Amino acid sequence: MLLGQALVLYRIPSTGQYALLHDRCPHRFAPLHRGKLVGDSIACPYHGLEFAASGKCVRNPLADEPPRTAVRSFPVVARHGLVWFWPGDPQQANPSSIPNYAFLDGQEVWRRRSRFAGHHELLADNLLDLGHVDFVHTATFATGGAHARAEQEVTDTGDGGLLVRWTLREVFRSTFLEALFSPAESITQILEMSWQPPSCMTLSIRYGITDANGTMVEERMRMINPHIATPESQSATHYFWTCFPDAASEAFARAVFDGEDQPMIEAVEQYMGGEDFWALRPAVLPGDAGALRARRRLMKLRRRESPSGRLDDLAALDDGDGPLE
Amino acid sequence: MLLGQALVLYRIPSTGQYALLHDRCPHRFAPLHRGKLVGDSIACPYHGLEFAASGKCVRNPLADEPPRTAVRSFPVVARHGLVWFWPGDPQQANPSSIPNYAFLDGQEVWRRRSRFAGHHELLADNLLDLGHVDFVHTATFATGGAHARAEQEVTDTGDGGLLVRWTLREVFRSTFLEALFSPAESITQILEMSWQPPSCMTLSIRYGITDANGTMVEERMRMINPHIATPESQSATHYFWTCFPDAASEAFARAVFDGEDQPMIEAVEQYMGGEDFWALRPAVLPGDAGALRARRRLMKLRRRESPSGRLDDLAALDDGDGPLE
Amino acid sequence: MLLGQALVLYRIPSTGQYALLHDRCPHRFAPLHRGKLVGDSIACPYHGLEFAASGKCVRNPLADEPPRTAVRSFPVVARHGLVWFWPGDPQQANPSSIPNYAFLDGQEVWRRRSRFAGHHELLADNLLDLGHVDFVHTATFATGGAHARAEQEVTDTGDGGLLVRWTLREVFRSTFLEALFSPAESITQILEMSWQPPSCMTLSIRYGITDANGTMVEERMRMINPHIATPESQSATHYFWTCFPDAASEAFARAVFDGEDQPMIEAVEQYMGGEDFWALRPAVLPGDAGALRARRRLMKLRRRESPSGRLDDLAALDDGDGPLE
């Protein structure tokens, strides 16, 4: 179930390519995913109609001719171990718009999926404002107030995306960092969260030495992780992430998200009561710059796709607190 | 709960007749079925108001006079071990329209009820198109493709009902059939599913020898079973059926319905998402002839009862696949 | 959750007073009750915004200045061990309108809360018509028909409230009463249920000797108990009550309410199917006088607050059974 639609994904035996179809037979509306593959087709589990990867019905085992019917088929591309599909007008599907997760090819990581009961933009809100770390992540990586002193900068990446950078100076010397820096060196941490619409994020964390201008001149350590949200519906989201390939790292990542972020995100979803984010007239804080720009870019993309949408969405912010975009 | 209404059924002590009342006291809306019988009346469990089988309030135990109020009473008839009621205009209740299940009187069978989360027409769809047998009943009585070679014929029974007949020739000689036919004889099976509106079906299964014209000239075995659907609501149905009076037969029947048909019917109900069947523009197959004629007859009956209904229901099929009615 | 709103109640450390706030941060809509107290303020658990008891945001720990925002704060008063709040226009909050529960100060009782899935007026219906006792309380204090002979009188208390009085004469001499009355004395029981809008009730039970005019001239025993309903929503209610301070008394009280009244009230809520009470045109009985007058007073109060409400509410009863108000 993605974007409120039941879908069935399978690999075409003869080619190894993926096929993604509406998971509902057009005859009696049975779930195709309960059927089985017959050659490169998928057979309905109710009366046996067979559908090709294109969605076309190619055989009725109980008659000489198949009916002239089809299920919707979606463009689908596998890249860097992720499967991407295009739910809109197939003519406009453009694989070059797929965010670049090539870095995953070089990583030995465990790929994991979480699911939360909330709109996908609540995950971007969370990840694009790391100011929540000291309040939400009290049992995992709270910094004891260091984030309050972080410099935050939001930049347009020129390709439709955003980059939010936090620079933390004189970082606490944990055992882990003691091994990388001498006692005399001042440690700087740079966190960068990139965002590509609709909800594809990447977090890079770097530790190193900066010069007098604040530029990191010597990098000692770098980690990079995907954070990708795929909507199941307006109120539920699949969240794809990775961790180091060991059980302790996975357990820590689950403590961070399942134990701390997810309860907060789901509470927010519940407390919003199905209302539109802007209709609730949220208070705007300096730390919101990244999250609000991402929300506004999505609004613009939605309006481009359906111009009859609410035209006052953007205006709602024009009396807001500062130059958000 | 039938047809979306809470009802209470009881036997009138002095006559043994059935009474069927709206199960809601008109005073404070308590469920009458939690009360008790006082003479031939039913007493409300909250403040004790007593209602006769006619629905009239006949006593207030806390006052000298009963209030001038009543609950709705429904015409009800017991016949051949089944209780039938008329939920429409009482003036139009006509016991002669009750489908004939007299054959039950001669049967020693176990009478059973199942309940599924789906519209009652999904059960008729299922039973009037036995083409599903080889795909759904893989663990019970799949024929290994024999149904694909069955001849199907749909006839109008002239009394508002339909009869769907499947003729299967050169049937596989199971142990059970070996005892009835000599090795030289070719076995023919005739399945006949009769349908009476709204959703009363009977399945007859016969094994025998046919002549050159395909007429069964010698019948060696016959079974006949009721399949009756009573709506609990628009999305839940009670299903009444029988089986041979032994635990193994009941277990097999439950494996067939509870284990195979019910999951499919409930998935279809869910996948239809509350939409009207015709609005989903179902693909039409040759095997649908019986099920679609039954659906169209019900549509006509509904339009007769409420002419203000949607007038395009029938037109939706006029561009369909073949002469459906 | 009260009146359909999430609220957070806390005691202000420096004063010991109560503060009651909308439990939703105006920034990202997190539940404030999951946060913590910082001085006299409550800090949001998501990004740390701090709100004073007035609702005003007084600090953003991640910026120099707090945003100009606030959460709604409700007037709140603690009195006789109960906390009262005013959900309407704060200017009209008037502590003198709080019903008088001073008698609680002199009682050693256990204070308890039940919760039922029904509108709060269904509890008043129940308590203001004790005619249900012999039908609902069959396992606890049914009187074997004595209530059918009770005299019921409803009086206006002049302060917006009502008093329903039941007088039962020649009460059955239980072991408990044998100790208080000689065999020659005729025992009279007077039950008085007072009602104050919106749903604050008090039950007084007295046993004694009456003179020829029916006036109780000698009281031998008196009990007095609060019965207060606070709506959680339109379909769920918190019910506050007390019992003697021992486990057996609490168990009996729970058998009476949880075991007998609550199932009935919840069934009525369900059977009303979300419909308005008057729209269901309830049959009116003599015993309803108290409950219906209370319902009509609440309707009048609602109309005063929102004159655009349905104007035919009261008219619906003008063709009713007797002088209800």
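Lettering of chains follows the sequences in order, A, B, ..., and the numbering in each one begins at 1. Since we're looking at a predicted model, the values are computed, not measured.
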>> Could you check whether any side-chain heavy atom of C:Asn60 comes within less than 4.5 Å of a side-chain heavy atom of A:Pro286, counting everything from C-beta outward?
In response: yes
>> Looking at every non-hydrogen atom in both residues, tell me the closest pair between C:Pro61 and A:Phe135 and how far apart they are.
In response: CG-CZ, 3.4 Å
> How close do A:Leu122 and C:Tyr46 get, heavy atom to heavy atom, and via which atoms?
Replying inline: O-OH, 4.4 Å
> Which answer fits A:Asp129, side chain, backbone, both or neither, if we ask what part of it has an atom under 4.5 Å from a heavy atom of chain C?
Replying inline: both
> Could you state the interatomic distance from SG (C:Cys44) to CE (A:Met264), rounded to the nearest 0.5 Å?
Replying inline: 6.5 Å
> Quick one: what part of A:Asn126 sits under 4.5 Å from any heavy atom of chain C, side chain, backbone, both or neither?
Replying inline: both
> If you tally heavy-atom pairs under 4.5 Å against chain C, which of A:Leu280, A:Asp125, A:Val133 wins?
Replying inline: A:Leu280
> For A:Leu285 and C:Pro67, which heavy atoms make the closest approach, and how far apart are they?
Replying inline: CD2-CG, 3.3 Å
>> Is it the case that atom CD in C:Gln234 sees more than 12 heavy atoms from other parts of the structure closer than 6.0 Å?
In response: no
> Which atoms of C:Ala30 come close to chain A, meaning under 4.5 Å heavy atom to heavy atom: side chain ones, backbone ones, both, or neither?
Replying inline: both
> Closest approach of A:Pro263 and C:Arg34, non-hydrogen atoms and distance?
Replying inline: O-NH1, 3.3 Å
>> Taking atom CD as the centre, does C:Gln5 end up with more than 12 heavy-atom neighbours from other residues, nucleotides or ligands that are less than 6.0 angstrom away?
In response: yes
>> With rounding to the nearest 0.5 angstrom, report the CG to CZ distance, C:Leu62 to A:Arg149.
In response: 11.5 Å
> Within a reach of under 6.0 Å around CZ of A:Phe141, are more than 12 heavy atoms found that belong to other residues, nucleotides or ligands?
Replying inline: yes
> So which bits of residues 21-29 of chain C come within less than 4.5 Å of chain A, counting non-hydrogen atoms only?
Replying inline: C:Asp23, C:Arg24, C:Pro26, C:His27, C:Arg28, C:Phe29
>> Out of C:Pro31, C:Gly35, C:Ala63, return the one with the most heavy atom pairs under 4.5 angstrom to chain A.
In response: C:Pro31
